Amino acid sequence: MKRRVTEEIEKGLGREVVLERPKEKKFGHYATPIAFSLAKELRKSPILIADELAKSFEENPLFEEVQAVKGYVNFRLSEEFLDSYATWVLKNEGEFGRQQMGEHIHLEFVSANPTGPLHIGHARGAVVGEALARLGRHLGNMVLKEYYINDAGNQIYLLGLSIYLTGRQLLGFDVQFPDEYYRGDYIGELAREAIEEFGEDAFGEESLIESLSEWGKERLMELIRSDLKRVGIQFDRFVSEKELYERWEEVLAILVERDAVYEKEGKLWLRSTLYGDEKDRVIVREDGRPTYLAGDIIYHFTKFEEGFDRYINIWGADHHGYIARVKAAIKFLGFDPDRLEVILAQMVSLLKGGEPLKMSKRAGNFILMREVVDEIGEDALKFIFLSKKSDTHLEFDVDILKREDSSNPVYYINYAHARINSLMEKSGRSPETLGDVPLIGLNDDAKDLLFNALLLPEIIEDAFIRREIQRLTDYLKALAAQFHSFYNRYRVLGSESEEQYLKLFLVVALSIRVGLGLLGIEAKKKM
RNA sequence: GUCCCGGUAGCUCAGCAGGAUAGAGCGUCGGAUUCCUAAUCCGAAGGUCGUGGGUUCAAGUCCCGCCCGGGACACCA
């Protein structure tokens, strides 16, 4: 809709125009401050320029009214235009808000270490990534969702060790736990399972640790997958860091050839400072073991080799220092680091009764994603996370969220959808019979509602391009509010405008359904 | 010390590549149900937009300094 209007205005003016939505209804549907910038070039008052511009659009059938107010040019769309768009949308539901952007996008997210179940911090990245993928696909992009499994480092050994020691403790041995080991209920559970699996005798031998590491990793990946499934997220591909090392020699050879590395103090360093990093980074230790960065270098090499148009990584904010070195590595490998975009998911802090809850995997007192899902439901969880920009801190109190389910925006939005569904049933009409009812001669409230319901496509485009999904959640809340208000003010069934209102509501319901769907939430028909 | 995120109503946050009188939800107060789902609606109170400069027709919005809060600064992942 906005695109259509922008085209029309640009055609008339012969230059690029910024269209915005005025804060107040009285200024119409769209407005442009173009006269202010023209004023400088033409050395004329913006007010005069705006007047002239407004006149030139007076006869355009797209608009009902074009007005110049204090230098702004305000456009009000014609009923005919809105009606024809609404009619088209209802007949082509699947096409609502679709585009053909056509980019191949590689999206890596979650990628939590397989050393514990997903906690609430991971959930944020998971939810944001999933929604981004859905939006991207709706807009006609190919999106590959990938999970990078960090299964090669010391942590996996620690996992095995933790299960081993806990198992020994369960069997009555006197056990000394080192500082660096994983705690938490799940370790105990795994240890019990492991005793069943491997037998009590095996816990007499330290050689068991290696098998426990591998076994524990597999068990935890299953757990993570089922946690993700719980909130409707499935990945297209899982990549194992360990397996990537098969290509380490190959990648290293490229780095050597490009003079991207040097030896010092018996270690191998990447010259990442050449491309903006603060310092050079070790990629191979003195004892020959590659560092974590090495895995990421191979990983990005294999990704870029596949030739996607764009790569998006969703990382925890604590990884932000990592961006520079990974981009440097990409550059050294001969690829364009600008194709990599990193979205940082900031910390989630949970309060309980006003008291902060600290999360630490090792301490074992972190809040699990599935615990929160059990408490508030997957839809509420998604909505909360998607309501805030991912790169800002998010704080919420579990107790309040548990208590105030009626203030949950998901209920509010769903309620609007359910009400419409209920009206449709009561009216005994079908969407097909309403399709051709002309939405002409509506009152102002109905016109406003129609316009806003038709706004969805530009909202999702905006939300995707800017990677700011909260624009969509805000929009849905506002649309639902406008609907509820309308509903309370106007009687629908039995009124003269029954058919028109129902058709209008079908558009509203469609926007809600499509919008929620893109957030991974299914709109409810009944509540 | 360096880097990142933030500082807008009592609380949680919006504020759209600078634009027309700073918004929403929750909370508080006061109303609405013989009638389509009151899980709703209507109304009120509540803000020197952390602070000091600068840029311009126009600054929560952009630039610089400072203050406060959180996080990151590994040869751990």
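Because the structure is predicted, anything quoted here is derived from the model rather than measured. These numbers come from the heavy atoms of this one structure, side chains and all, not from hydrogens, waters or symmetry mates.
Phosphate proximity of A72(B) to Q346(A): absent, as no side-chain N or O sits under 4.0 Å from OP1 or OP2. Under 4.0 angstrom from either OP1 or OP2 of A74(B) there lies at least one side-chain N or O belonging to K279(A). For A24(B), neither phosphate oxygen OP1 nor OP2 lies less than 4.0 angstrom from any side-chain nitrogen or oxygen of K388(A). For G15(B), neither phosphate oxygen OP1 nor OP2 lies less than 4.0 angstrom from any side-chain nitrogen or oxygen of Y475(A). Using a 4.0 Å cut-off, some side-chain N or O of S485(A) falls inside it from OP1 or OP2 of C42(B). Phosphate contact (OP1/OP2 of U40(B), side-chain N/O of R489(A), threshold under 4.0 Å): absent.
Classified by its glycosidic torsion, G69(B) falls in the anti category, the angle being over 90° from 0.
Counting atom types as modelled, H484(A) pairs no side-chain N or O with a base atom of C41(B) as donor and acceptor under 3.5 Å. Below the 3.5 angstrom threshold, one finds a donor paired with an acceptor across the side chain of N74(A) and the base of A20(B).
With sequence neighbours left out, the side chain to side chain contact (heavy atoms under 4.5 Å, CB included) criterion links E108(A) to H106(A), S111(A), Y148(A), Y299(A), K303(A), N313(A), W315(A). Residues satisfying the side-chain hydrogen bond (donor to acceptor under 3.5 Å, both in side chains) criterion with R491(A), sequence neighbours excluded, are absent altogether.
Between M369(A) and D227(A) the shortest heavy-atom distance is CE-O, 3.2 Å.
For the pair R419(A) and E20(A), nearest-nucleotide mapping onto RNA chain B gives the more 5' position to E20(A).
You can call F27(A) stacked on the base of A20(B); the centres are under 5.5 Å apart and the planes sit within 30°.
Checked against the 6.0 Å centroid threshold, Y501(A) and F486(A) count as a close aromatic pair.
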Exercise for review: Would you write the dot-bracket representation of RNA chain B, where each base gets (, ), [, ], | or . depending on whether it forms a Watson-Crick or G-U pair under 3.5 Å and with which partner?
Suggested key: (((((((..((((.....[...)))).(((((.......))))).....(((((..]....))))))))))))....

